[in-house]
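Single-structure report; data block below.
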2 protein chains.
Amino acid sequence: MSMKRSKNVPYRFYLSAEEMPKVWYNLRADMKEQPDPMLNPATLQPVTADDLAPVFCEELVKQELDSKTRYFEIPAAIQEFYRIYRPSPLIRAYNLEKALDTPAKIYYKFEGNNTSGSHKLNSAVAQVYYAKEQGLAGLTTETGAGQWGTALAEACAYFKLPLTVYMVKCSYEQKPFRRSVMHTFGAEVIPSPSTTTQAGRAILEKDPETGGSLGCAISEAVEKAVTTPGYRYVLGSVLNQVLLHQSIIGLEAKKAMEILDEYPDLIIGCAGGGSNLGGLIAPFMQDKLLGKASPRIIAVEPASCPSFTRGRYVYDFCDTGKITPLARMYTLGCQFVPSPNHAGGLRYHGMSPILSKLYHDGYMEAVAVEQTKVFEAAVFFAKHETILPAPESAHAIRTAIDEALKCKEAGEAKTILFGLTGTGYFDMTAYEAYLNGTMTDYIPTDEDLEKAFAQLPELSRV
Amino acid sequence: MSMKRSKNVPYRFYLSAEEMPKVWYNLRADMKEQPDPMLNPATLQPVTADDLAPVFCEELVKQELDSKTRYFEIPAAIQEFYRIYRPSPLIRAYNLEKALDTPAKIYYKFEGNNTSGSHKLNSAVAQVYYAKEQGLAGLTTETGAGQWGTALAEACAYFKLPLTVYMVKCSYEQKPFRRSVMHTFGAEVIPSPSTTTQAGRAILEKDPETGGSLGCAISEAVEKAVTTPGYRYVLGSVLNQVLLHQSIIGLEAKKAMEILDEYPDLIIGCAGGGSNLGGLIAPFMQDKLLGKASPRIIAVEPASCPSFTRGRYVYDFCDTGKITPLARMYTLGCQFVPSPNHAGGLRYHGMSPILSKLYHDGYMEAVAVEQTKVFEAAVFFAKHETILPAPESAHAIRTAIDEALKCKEAGEAKTILFGLTGTGYFDMTAYEAYLNGTMTDYIPTDEDLEKAFAQLPELSRV
């Protein structure tokens, strides 16, 4: 297909402008069985474009519901924005390989090389572009660890669209600098739960001291969008449209590996709502669905929020306030909130319906890892690869290291690709806790989970 | 020379591995008149290699004193490290140009794309490599805003060399996350002034509540190095060796512009001790010294610490404790400490002797800008170019914008190149102050400066 550019694979490999993907890839087009449709919670019928129109902008509704179109052309204005910070580098982890003394070849796709510090910008720019095209007056969203809010603030500044961000209150207080970055880009940032919405007021009434949750912030952002003229809501993960936009990660990675004459035996991504994982694996999963290749694909999630490994594959609400459609996904129940000692993101109760279906059908594996092990891997990685990873990304690093060590034991020179979703500059409190030895692990008990499952919607209770 | 790669100049242009510079360029080799030599403060004679050997490692002493060798080959191990994070991109500021509606073409060389977040890593890796080669037991240094300490911690982790960082106390307290990044990379970080050195104890005795200064932290780091067996001291700016290493910035930028068929009419860099400015302009200044081209070169400094524009070109100590050699440079006097309301770096009392000489001889200009104007430019730049700049870098942005607006007025399509030295993730307190309207400016009065000049060494008093 493509020519090998150089005999030595460089540390950082960048595609040329000509080699950049011009389309997004829609995984659903190649799935033999489709994910179950989202349901309107009032009628329990599959949601229609009309149901979604008050919440999302039109083009995004089309993308959300389209399981047929294999490739979506990336609009010129989005390609233009991508060129500002993409391609992201594909990096050969020579130093990590040497430090582990493994015969495995380790590659990672690094998405932290932009001001938002993560892959979230890939979908943010797309969603803001379509909103602007539709002539909307503004957008609302929620953010937990803050990457999504930052990315969206950045894209909204570029396209000159007002933005209101509901930020999970404990993050708002623990990460004042994240908030300041969003301010700098011109966004309004409100700690959630707040008194600006019914959903927020209801939660505050029950528990005035709550630190908030992602599910609650979603409820507030959706309510604010549907009650403000010309506003719509945008979401940074879980949705089909987001996985579509994030396929740019995997398409670039696959193209780069082709040029380098490589193909991964193993693809590893961290999984919260699934945006990075779904994007990274997309074209490789296509090969698997079409029987062209059979790489192992591993989702890595926190042991404190184990939706794949301990959740149920049932219909559930996407938010705490139970105002969103129902999605069939691996879920811990929409009232589940991870233990407060859990650092960083990957704290969503559910998982992308597309990825849930693929996992359910055996196309991928999942592992859950504890955070002290994750930070151990993060610090080791930082010292050898000179990049300070986000805690989320470090979940993938942990498993990549574990797999590389298995290769060492077995004497196998496997090719590993993992997603390094972002940088950890705003997570130093957690790093400091790890270095001081005060970081703890927490694994929910079966009883904790049963309590959360009891809150599932009626149609999903066993 | 080189072929134009593509008709459209991309946003981000990266050199290929083959196009990367293999040498550093020593500006002194082409200067008609040399900077005055450093003097031993005891004898007032030019310092010798023997004088410097207890403080700096051997290879670096050679580089410091060598004004003849035009090109230094970059050792293979350093080239290897550079390949982990270099080339840095040369970015065409299309969005900024559009927002300013200027006919000027604006390019910037972005050095923030590494975990240390700045250009400082270019010299850190070189200095740590030579120290390791010499078999040293460890290194000491000082850091103000924290970029240098972070870069050095990163390089020391890579080469497995212990590091002690004296961090200016007010930064230590205001930037706990900077400190945590250094911890993560394994460095020991001590707030300065401290009780671990005589210099620190003397300053604490006079003023127990002091927030410290860069000059004082240098005194402590040097003392610690010369009193600890097998230790040496390293410095991130000012020195000839640092400018040599930083020439990688300018060499890459010039090569990239050649490939794009461009040459700057105007080169703009922020100036604290001069490491970025000296590196960025090096090969362009060579053209100027050899009469091959005559770009305008502008140093931008904070109005609150105006060494070029209001300092004296005399011999002065490099530190507050008066234990270093004397250097002839533009200086505000080694006791000068910028007003506490000054945010970010660029707070050193002196300036690189090489740059001081070139400025004195009319090869470059200098302007001083106030920080509210600097942050105004920073926020404008962030919104349009999607990169959150360090306050230091934003000094260059301010002047680049001012010059681009002059081009607009005059209808001139000049080509501007400026140095974007780093990112501002650890400077959000200052951004927040600007956004809240609580940021103030401060310009030292003539009386303030006279008071500082009165502290100059005897041979420099007029």
Side-chain angles (χ1 to χ4, degrees), chain A residues 5-6 8 10-12 14 16-18 80-87 89 91 94-95 112-117 121 125 150 154-155 157-158 160 176-181 183-186 375 378-379 382-389 423-432 434-436, chain B residues 5-6 8 10-12 14 16-18 80-87 89 91 94-95 112-117 121 125 150 154-155 157-158 160 176-181 183-186 375 378-379 382-389 423-432 434-436:
Chain A
R5 273 196 189 154
S6 157
N8 294 316
Y11 281 95
R12 297 198 164 198
Y14 294 96
S16 70
E18 293 70 31
E80 182 88 0
F81 191 98
Y82 279 171
R83 277 194 287 269
I84 298 176
Y85 72 101
R86 304 200 71 82
I91 306 181
Y94 283 114
N95 297 317
N113 254 358
N114 66 71
T115 284
S116 81
L121 192 55
V125 55
T150 309
E154 202 176 326
Y158 180 84
K160 299 189 173 39
F177 294 154
R178 267 277 179 215
R179 197 204 315 162
S180 300
V181 177
H183 279 165
T184 301
F185 283 106
F375 276 85
V379 171
K383 286 185 176 173
H384 290 96
E385 288 290 316
T386 80
I387 292 174
L388 187 80
T423 49
Y425 301 121
F426 295 99
D427 301 283
M428 295 319 299
T429 308
Y431 270 94
E432 201 59 74
Y434 171 73
L435 294 169
N436 291 342
Chain B
R5 271 197 192 155
S6 155
N8 294 316
Y11 282 95
R12 296 197 167 200
Y14 293 96
S16 70
E18 292 70 32
E80 182 89 0
F81 192 98
Y82 279 171
R83 278 194 287 269
I84 299 176
Y85 72 101
R86 304 198 72 82
I91 305 183
Y94 283 115
N95 297 317
N113 253 358
N114 67 71
T115 284
S116 81
L121 192 54
V125 54
T150 309
E154 204 175 325
Y158 180 84
K160 300 190 172 38
F177 295 154
R178 266 278 178 216
R179 196 205 316 163
S180 299
V181 177
H183 279 166
T184 301
F185 283 106
F375 277 84
V379 171
K383 286 185 177 172
H384 290 96
E385 287 291 315
T386 80
I387 292 174
L388 187 79
T423 50
Y425 301 122
F426 294 99
D427 301 284
M428 295 321 297
T429 309
Y431 269 95
E432 201 61 73
Y434 170 75
L435 295 168
N436 291 343

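Please read these numbers as outputs of a predicted model, since none were measured by experiment. Residue numbers start from 1 in every chain, and the chains themselves are labelled A, B, ... in the order their sequence lines are given, proteins ahead of strands. Scope of the values below: all heavy atoms of this structure, side chains included, with no hydrogens, waters or symmetry mates.
Interface remark: B:Phe426 contributes side-chain atoms only to the contact with chain A (heavy atom separation under 4.5 Å). No part of A:Tyr434 comes within reach of chain B, as not one of its non-hydrogen atoms sits under 4.5 angstrom from that chain. The parts of A:Phe185 that come within reach of chain B are both its backbone and its side chain, each placing non-hydrogen atoms under 4.5 angstrom from that chain. At a 4.5 Å heavy-atom cutoff, B:Ala17 makes no contact with chain A through either its backbone or its side chain.
In this structure, OG1 on B:Thr184 lies 6.0 Å from CG on A:Leu388, to the nearest 0.5 angstrom. Separation of atoms OH (B:Tyr11) and OH (A:Tyr82) is listed at 14.0 Å; rounding is to 0.5 Å. The structure places NE2 of A:His384 at 9.5 Å from OH of B:Tyr158, a figure rounded to the nearest 0.5 Å. Distance check, rounded to the nearest 0.5 Å: OH of B:Tyr94 to CD of A:Glu80 gives 8.5 Å. Separation of atoms CZ (A:Arg179) and CD (B:Glu432) is listed at 7.0 Å; rounding is to 0.5 Å. From B:Glu154, atom CD reaches atom OG1 of A:Thr386 across 4.5 Å, with rounding to the nearest 0.5 Å.
Contacts with chain A were tallied for B:Asn95, B:Ile91, B:Thr429; B:Asn95 has the most, counting heavy-atom pairs under 4.5 Å. Most heavy-atom pairs under 4.5 Å with chain B, from the set A:Asn113, A:Asp427, A:Val379: that is A:Asn113. Of all the listed residues (A:Asn114, A:Thr423, A:Leu435), the one sharing the greatest number of non-hydrogen pairs under 4.5 Å with chain B is A:Leu435.
Residue B:Lys383 comes nearest to A:Gly186 through the heavy atom pair CE-N, 4.0 Å, listed as atom of the first residue, atom of the second, then distance. Of all the heavy atoms in B:Thr115 and A:Ile387, the pair that sits closest is OG1-CA, 2.9 Å.
For the pair B:Arg12 (side chain) and A:Ile84 (backbone), a donor-acceptor distance under 3.5 Å is present.
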Problem set entry | side-chain contact (heavy atoms from CB on, under 4.5 Å) between B:Phe177 and A:Phe177, worked out | CA-CA 10 Å; B:Phe177 295 154; A:Phe177 294 154; 3.7 Å; yes
